[in-house]
Amino acid sequence: MAKKNQTLGEFIIENQASFKYTSGELSRLINSIRLAAKVVNHEVNKAGLVDIIGAAGETNIQGEDQQKLDVYANDKFIQTLTNRNIVCGIASEEEDDFIVVNSQDENHQNKYVVLIDPLDGSSNIDVNVSVGTIFSIYRRVTPVGTPVKKEDFLQKGSEQVAAGYVVYGTSTMLVYTTGDGVNGFTLNPAIGTFYLSHPNMQFPLDGKIYSVNEGNYIHFPLGVKKYIKYCQEEEGDRPYTSRYIGSLVSDFHRNMIKGGIYMYPKSSKNEKGKLRLLYECNPMAFLAEQANGKASDGFARILDIQPTELHERVPFFCGSRNMVEKAEEFMREFSE
Ligand code: AHG
Ligand code: MN
Ligand code: MN
């Protein structure tokens, strides 16, 4: 039972028994993500001091090379997950290929693979706007005792055993699901502890916020253009409010709390949209469904898509159920 003010550590221990497979491996894995999140949070918070401590590519006062934050976050998550020897493979938006975690002594006995977008919304870093980290966890499909293969990563989103994000915002929060609802934990930076602040998060069924990069309007499919016009019409509870941060994590987080829809459609410039199926859309879709929301490519369920490539992209419509269904209606009616 989720109790407010419980620490994330206590929550993980208490809920371990409710996981489908209870070896403790998944708990240890989420614990490592919690640890890496704290380290990255510390670095993200220093981003504004870049003029003082040196920009990426320069050498800082201690003689250390400064890294770009997305590279830093990538390294930290990979290091934490590999050092503690709890996953058999990692795929990251920042890496060309997946990483086989070399667990010589353990003889590849680990069961889980992790996929990450280490720093989402990275273009917002320089301007002090919220960014995030997204993670997605699967059980491997190849036999334990052998190195992981690509097929362990190319699983449908519906096979995820856990997924979540960290949002480095006005507060830092870790929000995740293991398939039994969505819970949000807020970091108390003074003592470095995450507390359960948002138990059982739910998308309102309807919302009044639409989030899309309208600068691309001219390139959108007709269905999206018509839906945007529908959002702007004066009728009933419309026009809706437009809110777009440009960090998927932050836009999703706000919409889940307030009710809304996030869209990154395909356009005449990029045929498959921009967002990555494995690192962004699948984990967010799993969270959305677990929070009574919906995620679609405009026509079909995101979690049913069979991936064929690690870095493939997909159009993404996600948020309050009734809003996503309405957008799908427009997509069907005006499909070109
Ligand atoms: P990333 O920083 O990991 O590359 O992801 C950025 C993504 C997503 O977070 C955001 O919603 C979207 O790109 C913004 O794209 P536009 O600038 O094209 O709107
Ligand atoms: Mn991203
Ligand atoms: Mn990224």
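One-based numbering, in listed order, for ligands and for the atoms of each. We number each residue from 1, following the sequence as shown. Note: hydrogens, waters and symmetry copies are ignored here, and every other heavy atom, side chains too, is used.
- Taking 2.8 Å as the threshold, Asp120 does not count as a candidate ligand of the Mn ion (ligand 3), since none of its N, O or S atoms lies below it.
- Within Asp117, the N, O or S atom lying nearest to the Mn ion (ligand 3) carries the name OD1.
- Distances from the Mn ion (ligand 3) to the N/O/S atoms of Glu93 are shortest for OE1.
- Of all atoms in ligand 1, numbered sequentially from 1 with element shown, those under 4.0 Å from a heavy atom of Asn213 are 16 (P), 18 (O), 19 (O).
- Less than 4.0 angstrom separates some heavy atom of Glu280 from each of these atoms of ligand 1: 3 (O), 5 (O).
- Within the coordination shell of the Mn ion (ligand 3), defined by N, O or S atoms under 2.8 Å, Gly121 is absent.
- Ligand 1 lies nowhere less than 4.0 angstrom from a heavy atom belonging to Asn124.
- Ring centroids of Tyr279 and His311 are separated by less than 6.0 Å, placing the two rings close together.
- Contacts with ligand 1 closer than 4.0 Å are made by side-chain heavy atoms of Asp117 only, the backbone lying farther away.
- Salt-bridge check for Lys294 with Glu289: failed, with every basic side-chain N at 4.0 Å or more from each acidic carboxylate O.
- Not a single heavy atom of Tyr279 sits less than 4.0 Å from an atom of ligand 1.
- Classification of the His253-His198 ring pair by plane angle, with boundaries at 30° and 60°, yields tilted.
- Here Tyr227 and Phe317 keep their ring centres 6.0 angstrom or further from each other.
- Residue Asp251 places every heavy atom at 4.0 Å or more from ligand 1.
- Distance from atom 13 (O) of ligand 1 to its nearest protein heavy atom, with residue and atom name: Lys274 NZ, 2.9 Å.
- The parts of Ser122 lying near ligand 1 are both backbone and side chain, judged by heavy-atom distances below 4.0 Å.
- Within the 4.0 Å heavy-atom criterion, the part of Tyr262 lying near ligand 1 is the side chain and not the backbone.
- Near Leu119, meaning under 4.0 Å from one of its heavy atoms, ligand 1 places the atoms 2 (O), 3 (O).
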